[in-house]
Amino acid sequence: GNHPAVYVSWFDAVAFCRWLSRRLGFPVRLPDEWEWQQAATGGGANNVFPWGSEWDAKQEPWRANTFESRLGQPTAVGMYPAGVSPAGALDMAGTVWEWCLNKFKAPEVIRSGARDFSACVLRGGSWSYSEDGARAACRVRDIPDGRLNSIGFRVVCSSPSSSTDP
């Protein structure tokens with residue numbers, strides 16, 4: 001129950017957000033890259049990782065589930081409290097790559113049609129990537145119908161006055 005959902009495509013994640021929005025009665029969506037970056041770094045320009053600027057090989061197995069942890073799979077949410085971001089967000093580095101609304105080659109584009117298979121952005125690294133993937137600035141891509149055991153998503157709740165709908 002507290003493990004991240006994996007094997008979730010971008011289309012699946014957006015559909016889930018729409019369903020949850022209707023169920024809760026307020027907007028829920030994937031974050032755009034800027035929002036994801038703010039949650040990961042707290043807006044701190046010097047934060048290379050959610051916890052700061054340094055990767056210490058002796059500490060990082062306690063801060064992020066990356067390849068270096070040697071677990072070889074996603075972990076439950078919150079298993080790495082020492083890796084909390086300044087904004088209080090957990091698991092912003094490692095565990096699973098997280099879908100963002102943005103298109104990879106055109107970050108200003110946050111909408112996609114059913115036949116639009118342009119690559120979308122993933123952030124945060126995963127259990128299968130090294131420390132480089134855990135950097136807050138790292139961004140990779142996949143096609144929106146891609147499903148892997150290293151890809152999941154997180155959601156943001158928009159202000160009731162927001163009209164953004166993915």
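Treat the numbers as computed from the prediction; the structure is a model and nothing was measured.
Of all heavy-atom pairs between A39 and A89, the closest is O-CB, 3.9 Å. The nearest pair of heavy atoms linking T75 to P4 is O-CD, 3.2 Å. Of all heavy-atom pairs between K103 and C120, the closest is NZ-SG, 3.8 Å.
In summary, the side chains of E131 and W55 do present a donor paired with an acceptor at a separation below 3.5 Å, with no hydrogens or angles considered.
Note: the hydrophobic cluster containing F67 does not contain V140 (ILVMFWY, side chain heavy atoms under 4.5 Å, direct or indirect links). Note on W19 and V155: same hydrophobic cluster, where clusters join Ile, Leu, Val, Met, Phe, Trp and Tyr whose side-chain heavy atoms are under 4.5 Å apart, directly or indirectly. Under a hydrophobic clustering in which Ile, Leu, Val, Met, Phe, Trp and Tyr are joined whenever their side-chain heavy atoms come within less than 4.5 Å, directly or via other members, V77 and L71 fall into different clusters. Linking ILVMFWY residues whenever their side-chain heavy atoms come closer than 4.5 Å, directly or via other members, leaves W34 and M92 in distinct clusters. Put simply, L90 and I151 are part of two different groups of oily side chains (I, L, V, M, F, W, Y) that touch within less than 4.5 Å, one to the next.
In this structure, the side chains of T66 and Y129 stay at 4.5 Å or more apart for every pair of heavy atoms. Side-chain contact check for C138 versus W97: some heavy-atom pair is nearer than 4.5 Å. In this structure the side chain of W127 reaches within 4.5 angstrom of the side chain of S150, judged on heavy atoms. Residues C100 and L30 are not in side-chain contact: their nearest non-hydrogen atoms beyond the backbone lie 4.5 Å or more apart. At a threshold of 4.5 Å between non-hydrogen side-chain atoms, the residues F104 and S118 do not count as touching. In this structure the side chain of Y80 reaches within 4.5 angstrom of the side chain of D91, judged on heavy atoms. In this structure, the side chains of W10 and W99 come closer than 4.5 Å at one or more pairs of heavy atoms. Counting heavy atoms from C-beta outward, P50 and T41 have side chains that stay 4.5 Å or more apart.
The environment of CG in N2 is crowded: more than 12 heavy-atom neighbours from other residues, nucleotides or ligands sit within 6.0 Å.
Formation of a donor-acceptor pair under 3.5 Å by the R123 side chain with backbone atoms of W36 is not found in this model. Under a 3.5 Å cut-off, the side chain of N65 and the backbone N or O of S126 do not form any donor-acceptor pair. Side-chain atoms of N47 do not come within 3.5 Å of backbone N or O of S53 as any donor-acceptor pair. Using modelled atom types, no side-chain atom of R141 and backbone atom of L122 make a donor-acceptor pair closer than 3.5 Å.
Distance check: C17 SG to R154 CZ gives 12.5 Å after rounding to the nearest 0.5 Å. Distance check: S128 OG to Q73 CD gives 12.0 Å after rounding to the nearest 0.5 Å.
The aromatic ring centroids of F11 and F16 lie 6.0 Å or more from each other.
Judged by the 6.0 Å distance and 45° axis criteria, R63 is not positioned over the aromatic ring of F49.
In the hydrophobic clustering (ILVMFWY side chains linked at under 4.5 Å, chained through shared members), V96 is joined by V6, Y7.
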Tell me, with the steps shown, if R147 and D142 meet salt bridge (charged side-chain N to carboxylate O under 4.0 Å, His left out).
CA-CA 9 Å; R147 290 183 174 94; D142 201 354; over 6 Å; no

Which is it for F153 and V8 under the side-chain contact (heavy atoms from CB on, under 4.5 Å) test, yes or no, and what are the steps along the way?
CA-CA 8 Å; F153 66 102; V8 179; 3.7 Å; yes

Pair E68, S130 - check side-chain contact (heavy atoms from CB on, under 4.5 Å), show working.
CA-CA 6 Å; E68 291 81 6; S130 68; 3.3 Å; yes

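In terms of the side-chain hydrogen bond (donor to acceptor under 3.5 Å, both in side chains) criterion, S85 has no residue partners (sequence neighbours excluded).
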